Peer 1: 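Quick one: this structure, given as structure tokens, is what I'll be asking you about.
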Number of protein chains: 2
Amino acid sequence: MMQNEAEPPATGSRAWQRRQRVAHILASAERIFAEAGFGGASMSALAAAAGLPKANLHYYFGTKEALYTALLDSILDLWLSATDSIRPESDPAEALTAYVRAKMAWSRTRPYASKVFANEVLHGAPYLGSYLAGELRALVREKSRVLEGWIAEGRMEPVDPPHLFFAIWAMTQTYADFEAQIRAVLDRPELTAQDHARGSDMVLRLVLKGCGLRFGAAEGLGE
Amino acid sequence: MMQNEAEPPATGSRAWQRRQRVAHILASAERIFAEAGFGGASMSALAAAAGLPKANLHYYFGTKEALYTALLDSILDLWLSATDSIRPESDPAEALTAYVRAKMAWSRTRPYASKVFANEVLHGAPYLGSYLAGELRALVREKSRVLEGWIAEGRMEPVDPPHLFFAIWAMTQTYADFEAQIRAVLDRPELTAQDHARGSDMVLRLVLKGCGLRFGAAEGLGE
DNA sequence: GAGAAAGCTGACCAATCGGTCAATCTTGTT
DNA sequence: AACAAGATTGACCGATTGGTCAGCTTTCTC
């Protein structure tokens with residue numbers, strides 16, 4: 001029988017075990033690629049991180065490049081999933097708040113994934129280029145039209161939607177990608193939940209007030 | 001006679017020629033490191049970019065690491081020079097506008113430098129760490145006090161100054177560091193002056209309105 | 001339980017890595 | 001002109017790189 005690709009294979013089956021191992025390799029590779037970049041990450045370092053012999057990684061992925069692109073693919077899904085709240089019938093302030101919150105949460109919970117993505121784009125997106133020009137561009141077009149609709153209805157001030165997205169991406173991801181700089185300036189061994197909360201507040205303040213929306217700052221940050 | 005280190009040596013002199021060559025190597029290395037990262041940049045690629053034999057780079061810098069840190073040092077000065085406009089007696093809106101403009105100009109004119117810096121921080125700032133925790137932290141402390149002064153005088157709304165800086169850095173540098181992504185979304189072979197102007201406007205809008213300051217948008221963006 | 005298929009890995013490979021060095025050339029000093 | 005110091009570089013080095021493969025074990029199928 002043909003196994004439907006969309007359906008997860010039965011627990012314990014061969015295909016299931018393969019997916020488990022592939023997922024485990026990708027998970028450990030995320031950290032190595034994030035810390036060393038593509039060029040700086042060696043197959044032996046990737047193998048050591050996964051706790052497997054180097055030849056085993058080659059068995060599953062063939063080449064270092066294939067392993068890297070497989071990792072990028074697995075990260076891409078996360079990147080797009082946060083825009084769901086931006087729909088024509090949504091309240092602008094609520095939708096943007098949810099979007100910023102989702103992006104900030106992603107920086108907090110998946111910092112290595114964010115760094116791998118950032119590293120790829122930073123170096124000219126050699127592997128991600130076609131995706132950026134395809135799916136991402138289409139997504140931004142779609143969501144920009146939603147914002148333009150809100151603007152036409154007088155529900156928010158006229159802003160350039162794509163550049164608003166660029167600003168939101170930059171501000172939210174900086175808490176993952178440039179975490180070393182933020183930690184150094186704030187003099188922290190690690191960013192605390194409060195640091196993230198303050199960052200989140202700042203981003204929301206700038207975005208909402210910048211769009212002429214009410215910024216409640218309803219968060220209890222304490223003191 | 002002792003040559004004063006602060007004074008530039010006479011044109012054509014041996015020391016002058018040395019500085020010229022060092023500067024030329026650093027200038028060409030900037031692009032290689034920006035595009036490939038530290039690990040991905042090879043000495044032979046750096047040598048090819050400089051149009052010199054590999055052994056010549058080793059003669060001037062000793063190791064790849066020394067060449068890289070020399071480049072980082074040369075970039076750091078640029079990074080700090082833009083905050084001059086933020087002084088207690090300045091007008092908040094004017095000071096922040098000048099700061100954002102300076103940062104945006106830096107992204108436009110020195111994208112490779114920005115990318116090298118970003119890459120370093122992205123990978124945990126192994127070479128820049130002590131500088132970030134030293135000079136940069138001190139600078140942010142100093143400028144944060146200026147902002148707190150403005151806030152106390154009621155000249156701007158109460159915002160968390162360090163996080164405001166993080167937001168400004170992120171938004172302005174994204175036009176250099178994540179240029180590949182922005183280009184892809186905007187469907188441009190290269191970012192135009194208008195793209196940068198629109199980005200600059202967006203950043204100013206978010207920063208000024210976020211701080212409760214007037215955003216004039218006095219720019220003639222055409223159309 | 002026999003054969004096939006998939007999983008696994010130690011040993012090995014050519015290529016490239018960062019770096020060294022002796023030999024040569026150029027320049028400044030006297 | 002003679003010498004010293006600095007500048008230059010082709011040839012080379014051991015180490016590490018990404019990648020291969022033969023041979024073994026495990027698991028599935030019938």
Side-chain angles (χ1 to χ4, degrees), chain A residues 1-3 5 9-26 28-29 32-33 35-72 116 119-120 123 126-127, chain B residues 1-3 5 8-26 28-29 32-33 35-72 116 119 123 126-127:
Chain A
M1 266 293 137
M2 272 278 174
Q3 174 73 40
E5 286 185 20
T11 308
S13 76
R14 205 132 186 182
W16 178 85
Q17 277 196 23
R18 176 174 259 270
R19 290 195 188 198
Q20 291 280 105
R21 294 196 191 278
V22 164
H24 168 249
I25 292 170
L26 289 179
S28 57
I32 304 299
F33 278 123
E35 288 174 350
F38 178 80
S42 68
M43 287 300 286
S44 49
L46 292 163
L52 295 169
K54 195 177 55 136
N56 198 263
L57 302 208
H58 278 104
Y59 173 74
Y60 278 110
F61 294 96
T63 68
K64 178 183 171 184
E65 203 173 300
L67 167 53
Y68 177 68
T69 55
L71 175 60
L72 280 181
V116 170
N119 192 68
E120 164 69 7
H123 297 135
Y127 302 105
Chain B
M1 263 297 136
M2 271 281 174
Q3 175 71 39
E5 286 184 22
T11 309
S13 75
R14 206 128 186 184
W16 179 85
Q17 277 196 22
R18 176 174 259 269
R19 288 196 189 195
Q20 291 281 105
R21 293 197 191 278
V22 165
H24 169 249
I25 293 170
L26 289 180
S28 57
I32 304 299
F33 278 123
E35 289 174 349
F38 178 79
S42 68
M43 286 301 284
S44 50
L46 292 163
L52 295 169
K54 195 177 56 136
N56 199 269
L57 302 208
H58 281 289
Y59 173 72
Y60 278 110
F61 294 97
T63 67
K64 178 184 172 183
E65 200 173 303
L67 166 54
Y68 177 68
T69 56
L71 176 60
L72 279 182
V116 171
N119 192 69
H123 297 133
Y127 302 106

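Fair warning: this is a prediction, and the values are worked out from it, not measured in the lab. Note on naming: letters A, B, ... go to the chains in the order of the sequence lines (proteins, then strands), and numbering restarts at 1 for each one.
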Peer 1: Any idea which of D/dT9, C/dT9, C/dT20 is nearest the A/Asn56 side chain?
Peer 2: C/dT9

Peer 1: Between C/dT20 atom C1' and B/Lys64 atom NZ, what is the distance in whole Å?
Peer 2: 17 Å

Peer 1: Looking at C/dG7, I'd like to know if its phosphate oxygens (OP1 or OP2) sit under 4.0 Å from a side-chain N or O belonging to A/Tyr59.
Peer 2: yes

Peer 1: Measure from NZ or CZ of A/Lys64 to the centre of the six-membered ring of A/Phe38, then state whether that distance is under 6.0 Å and the direction lies within 45° of the axis.
Peer 2: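 Positive - A/Lys64 is close enough to the ring of A/Phe38 and near enough to its axis.
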
Peer 1: What is the distance, rounded to the nearest whole Å, between atom CZ of A/Phe61 and atom C1' of D/dT20?
Peer 2: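 Roughly 18 Å, once rounded to whole Å.
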
Peer 1: Within this structure, what is the CD-to-P distance between A/Gln17 and C/dA6, rounded to whole angstrom?
Peer 2: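 So the CD-P distance, A/Gln17 to C/dA6, works out to 15 Å.
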
Peer 1: Atom CD of A/Glu35 and atom CG of A/Asn119: how far apart are they, to the nearest 0.5 Å?
Peer 2: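 Atom-to-atom, A/Glu35:CD and A/Asn119:CG are 12.0 Å apart.
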
Peer 1: Could you tell me whether B/Ala47 contacts a base, only the sugar-phosphate backbone, or nothing, with contacts defined as non-hydrogen atoms closer than 4.0 Å?
Peer 2: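 Touches nothing.
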
Peer 1: Quick one: A/Leu57 CG to D/dT20 P, roughly how many Å, whole number?
Peer 2: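 It works out to 14 Å between those atoms.
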
Peer 1: Quick check on D/dT17: is either OP1 or OP2 less than 4.0 Å from any side-chain nitrogen or oxygen of A/Ser42?
Peer 2: yes

Peer 1: Figure out the CZ/C1' separation between A/Arg21 and C/dT9, and round it to whole Å.
Peer 2: 13 Å

Peer 1: Decide yes or no, distance alone: a donor-acceptor N/O pair under 3.5 angstrom between the base of C/dG19 and the side-chain of B/Lys54.
Peer 2: yes

Peer 1: Send over the distance from B/Leu52 CG to D/dT9 P, rounded to a whole Å.
Peer 2: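 Whole-Å distance recorded here is 7 Å.
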
Peer 1: Report the residue (A/Met43 or A/Ala55) whose heavy-atom-nearest nucleotide on DNA chain D is the more 5′ of the two.
Peer 2: A/Met43

Peer 1: What is the nucleic acid contact for A/Ala66, judged by heavy atoms within less than 4.0 Å: base, sugar-phosphate only, or nothing?
Peer 2: nothing

Peer 1: Please report the closest heavy-atom contact between B/Ala41 and B/Ala36, naming both atoms and the distance.
Peer 2: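 Smallest heavy-atom distance, with atoms named: N-CB, 3.7 Å.
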
Peer 1: So, OP1 or OP2 of C/dC17: does either fall under 4.0 Å of a side-chain N or O from B/Ser44?
Peer 2: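 So the side chain of B/Ser44 is within the cut-off, an N or O lying under 4.0 Å from OP1 or OP2 of C/dC17.
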
Peer 1: Would you mind reading off the distance between B/Tyr60 atom OH and C/dG18 atom P, rounded to a whole angstrom?
Peer 2: 20 Å

Peer 1: May I ask you to verify if any side-chain N or O of B/Arg18 is less than 4.0 angstrom from the OP1 or OP2 atom of D/dA7?
Peer 2: yes

Peer 1: What's the NE2-C1' distance between B/His58 and D/dG10, to the nearest Å?
Peer 2: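 To the nearest whole Å, that distance equals 14 Å.
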
Peer 1: Could you tell me if the side chain of A/Phe61 sits less than 4.5 Å from the side chain of A/Leu26, heavy atoms only?
Peer 2: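 A side-chain contact under 4.5 Å exists here.
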
Peer 1: Distance from A/Leu46 atom CG to A/Phe33 atom CZ, nearest 0.5 Å?
Peer 2: 4.5 Å

